[in-house]
Amino acid sequence: MSEVSVFTTLGLPSVSIAPSVRGLQFSEDGQAMLLTKYAVYILTPDAGVNVELSSVMKQALDFKSPSRSPQPLGWLRTIAEFDRSLVHQWPIDCQDWGSVCLGSLDPSLQALALSPTNLTSNAGCLLALLNSNLELTIWGATRNFLTGEWAQLQDVTAVLKEAAAKVSSSALLQTLQTQSTCIEWTPQPDWGLTPAPSCDASLLVVGNRAGSVTFLRYDGAAGQMFVVNRATVSDRWVCHLAWSPWECQDGTCEAMLACAAVNGSVTILNVRQTLSVRTSDSRLSSDHELALSILPHGEFACEADGRAVTGMKWTPVHGRTPILIIHKIGTVSLWSAPSSQSRWSGRKEFALRTQKRCAGSSALFPASGICYVPNRDLAIVSLSDGSFHVVHKLSVEPTLDSPTSEAASSGVLSAASRSVFLHSEAERMTAQDVDWINGMTAYDGYSTFMWTYEASRPTDFSYKHDAKHVSTMVVAQMWDENSDERVIQTLTERVGRTKFGSVKAPIGHLRSIFLLLREPPRIARLHRRILDVLRDLPVGDTMPSYVIPQYGGDRGNKLSGEFVKSLSTHLFGWDSILCLRVRYAVAAFCQDYAVAPDIKQRFTEVASHLSRNIRAYFLLTVIRHLSAVGTLLNESDVYFARRTVLLAVTLGGFAELVQEAEALSRQFPRAPNSGNQDGQDHLDELCPACHASIPLQDAESAVCVNGHVWARCCATALLLTTPNVRTCVGCTRKAFLAAPTSEGAPVHDSGWLPNSARGSCVLRDLLEATRRCPFCGNNFVTLV
């Protein structure tokens, strides 16, 4: 067996939880979430991140071979810490023995679920945490999702308790329906609409002790979860949930929900959502309504056999129905719904074989991870004893027998993970030492995997207190493949087929590419092919044609809400602009990592060209929206509008942009009598240091006649003279913090804005709409 390439071996002081296929997973914001007994480690790879670099941790193995010692992968770390306090005392609600929860004796975390991105006020993900007292809470980042605090936002158990009281009068049944046992959060469906609607259609599904599942949705405006529907699936506890990908057509999306009960049965539910779009009375934006229906599928993926499910996961396979992988002790089962497109359907079961790695090896351990590798059609299941088990030809003719030409076999992967363990530990390990894997996931969807283990010697019965427990996180390439060709193939797919419905932040969407392009020699070899992809791949119309109808309402809170919604939809809902942002992120990344000056210059030129196109579309979108509400603009709004027109005209090279900018400017033939407190009647700003006039010539930065240099807000192009700003984690552009958008909000609530901008409702709405970076699409963080 050849040595594996190890990118990370990072020790984390933590007490491991029981093995779980959901204990380690990636969010759509590109962060790895590791569930431990008392905290969730939130780890962000440094590839593509350009802020907080002083906090990056790096630790990797040295195999004493240049070809096997890649550049270490750095990580930014923060935690969501469980304080072990219990809010709900179940004996107070019900004294029946059936409601007893022994997890309250030693409170700890039990499960986590990650929401899609763009749900929070800072366009991030939410984290659902389930503790051993069967309480469910929602967590989110406050200011800095990379290294800052993650705080509890809501006690969802209180919502479930209130909903249970409405459907049952039995104290026992109410308590059992409130006691959550498993959770799963669905992805966002791709409705196939252009632009993609800015509505949240994801669902948090919660299984409980009453044998039912509850569907909840997040209300972004209120910052609260609310119950949408519920369904009964068994008369036993529901212990595992798995959600298949959405399939959408004509405003309707469908998916399958697998619900495993403690008796070993797995029930399949068909879940359908219907989207209704209605143009609002003011015509500026559209209202969206979602209808949810739940129907039983009609058959079981597994019958009740008394053997508990330890993990299950759906695998999307191109050209056929998704496959459900179910692990029970000693076996792995596959189930697929009947379909004319599938080579097989129904249920298949395979008995796992013990991979002899150490004294503790056995096929009778629970699953710690399930992954699917599309380009090899492999399903990989890791067990807690450290072994890996591979199902070959998953979509065609599943088998555990490895073809002779297959480099990724159960024996090879199990030996590779053992090799990493032996090299990682400071002390000399023997066959008596076991590397218990508690969580495993795919890092790039190909040959690189990520897992956590804790070293143990089962024959040693001495007590090990919590402070001495250390989990080791590993990122390693498990088999050899042509990495250069993979970079080009993956880049072509990610750039050319990006859809809003499946979008992630670029640091997550491009994770597999960034991992390999961190090596300057690879960029030097591939730069011509990468540039060809970035330049020549057609992405459709980069200036989408659409018309914003004239606003038909009055000025007020409704205008602000609809203006923000429409702006956000058109700024971030078009696939062609999303592809431009992804291409720009790749060009900027290669520009940073290239060493040769001529190669660096070529990527700089491409990045500059792409950012110029993105800015042109951004200005065009703002101008179209300003034209739609032109009759309602106040003096501060007009000042901002005239600056936007000037930027559009001076950018040049975009005839449509210039034409619409000039049409808007004709609505304001001259500057109004100055109503701003800077005492200006033109578009220049005053240098905060020397009060010299600074003309609006560049949207990125400004220089006064005395040489003082100032950055500009990437959303408003105003001078940044305050620490109250947001910073993009990718391209490091900055923007003002979003200000209150309600009508009549006091000026001091937005005191960090320049005096000329505080009275502009349009400007404040624009800051609210740009929750993500409008250039590279990554999230903002507040650093001070």
Side-chain angles (χ1 to χ4, degrees), residues 18-23 182 233-234 236-242 244 256 258-268 297 299-315 317 321-337 342-358 360-373 377-403 406 408-414 417 434 436-441 451:
S20 169
V21 298
R22 298 290 185 184
C182 52
V233 296
S234 176
R236 306 293 179 92
W237 297 2
V238 180
C239 59
H240 289 276
L241 297 170
S244 73
M256 291 179 285
C259 310
V262 292
N263 60 4
S265 64
V266 178
T267 305
I268 305 296
H297 186 274
E299 60 180 292
F300 290 92
C302 279
E303 299 290 342
D305 56 7
R307 297 186 300 137
V309 172
T310 70
M312 62 181 182
K313 187 176 182 180
W314 290 94
T315 58
V317 182
T321 56
I323 298 172
L324 178 63
I325 303 175
I326 307 168
H327 179 267
K328 297 183 178 182
I329 296 298
T331 64
V332 60
S333 300
L334 309 175
W335 181 86
S336 178
S342 305
R343 295 282 295 272
W344 65 270
S345 61
R347 182 170 177 261
K348 295 178 180 289
E349 184 173 273
F350 304 93
L352 299 178
R353 305 157 187 164
T354 299
Q355 303 296 319
K356 294 298 295 182
R357 306 166 68 254
C358 58
S361 297
S362 172
L364 304 178
F365 279 97
S368 57
I370 299 175
C371 296
Y372 176 64
V373 184
D377 198 22
L378 303 176
I380 299 176
V381 180
S382 67
L383 303 186
S384 61
D385 72 331
S387 61
F388 285 70
H389 301 262
V390 182
V391 181
H392 302 270
K393 303 178 182 178
L394 181 68
S395 64
V396 181
E397 188 178 352
T399 178
L400 293 180
D401 298 324
S402 173
E406 181 57 71
S409 64
S410 301
V412 169
L413 299 190
S414 298
S417 67
V434 181
W436 301 115
I437 291 183
N438 303 295
M440 184 276 294
T441 188
W451 69 91

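For this chain, numbers begin at 1 and follow the sequence in order.
By the side chain to side chain donor-acceptor pair (under 3.5 Å) test, Ser361 pairs with no residue at all, sequence neighbours left out. Scored by the side chain to side chain contact (heavy atoms under 4.5 Å, CB included) test, Ala261 finds Ser234, Arg236, Asn263, Ser265 as partners (sequence neighbours excluded). Ala379 pairs by the side chain to side chain contact (heavy atoms under 4.5 Å, CB included) definition with Ile325, Val391, Leu394, not counting sequence neighbours.
With a 4.5 Å cut-off on side-chain heavy atoms, Pro398 and Phe350 count as touching. Two residues are said to be in side-chain contact when any heavy atoms from C-beta on lie closer than 4.5 Å; Ile323 and Trp314 fail this criterion. Side chains of Ile329 and Pro366 form a contact here, defined as non-hydrogen atoms less than 4.5 Å apart. Side-chain contact check for Phe300 versus Thr267: some heavy-atom pair is nearer than 4.5 Å. Residues Leu324 and Val266 meet the side-chain proximity criterion, which asks for heavy atoms closer than 4.5 Å. Trp451 has its side chain out of reach of Ser382: every pair of non-hydrogen atoms, C-beta onward, lies at least 4.5 Å apart.
The nearest pair of heavy atoms linking Arg347 to Ala301 is CD-O, 2.9 Å. Nearest heavy-atom pair across Gln355 and Ser414 is CG-OG, 3.5 Å. Considering all non-hydrogen atoms of both residues, Val309 and Lys328 come closest at CG2-CE, 3.7 Å. Nearest heavy-atom pair, His240 versus Cys182, reported as atom, atom and distance to 0.1 Å: N-SG, 3.7 Å. In terms of heavy atoms, Thr321 sits closest to Ala337 at OG1-O, 3.4 Å. When all heavy atoms of Ser362 and Leu383 are compared, the pair lying nearest together is O-CD1, 4.1 Å.
By the neighbour-count criterion of 12 heavy atoms within 6.0 Å, atom CH2 of Trp344 is densely surrounded, having more than that number from other residues, nucleotides or ligands. In the displayed structure, Arg343 atom CZ is contacted under 6.0 Å by at most 12 heavy atoms of other residues, nucleotides or ligands.
Using a 30° and 60° split on the angle between ring planes, Trp335 and His297 fall in the perpendicular class, above 60°.
Ser384 and Ser368 are not linked by any side-chain donor-acceptor pair at a separation below 3.5 angstrom, with hydrogens and angles left out of the test. Side-chain contact, His327 with Thr310: a donor N or O sits under 3.5 Å from an acceptor N or O.
Residue Leu413 holds its CG atom at 10.5 Å from OG of Ser387, rounded to the nearest 0.5 Å. Between the NE2 atom in His392 and the OG atom in Ser409 there is a gap of 6.0 Å [rounded to 0.5 Å]. Atom OG of Ser395 is separated from atom CG of Leu378 by 10.0 Å, given to the nearest 0.5 angstrom. From Thr354, atom OG1 reaches atom CG of Leu364 across 6.5 Å, with rounding to the nearest 0.5 Å. In this structure, OG1 on Thr331 lies 9.5 Å from CD1 on Ile326, to the nearest 0.5 angstrom.
With salt bridges taken as basic N to acidic carboxylate O contacts below 4.0 Å, none links Asp401 and Lys393.
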Worked check of side chain to side chain contact (heavy atoms under 4.5 Å, CB included) between Arg353 and His389: CA-CA 8 Å; Arg353 305 157 187 164; His389 301 262; 5.6 Å; no
Residue pair Glu349, Val332: steps toward the side chain to side chain contact (heavy atoms under 4.5 Å, CB included) verdict: CA-CA 6 Å; Glu349 184 173 273; Val332 60; over 6 Å; no
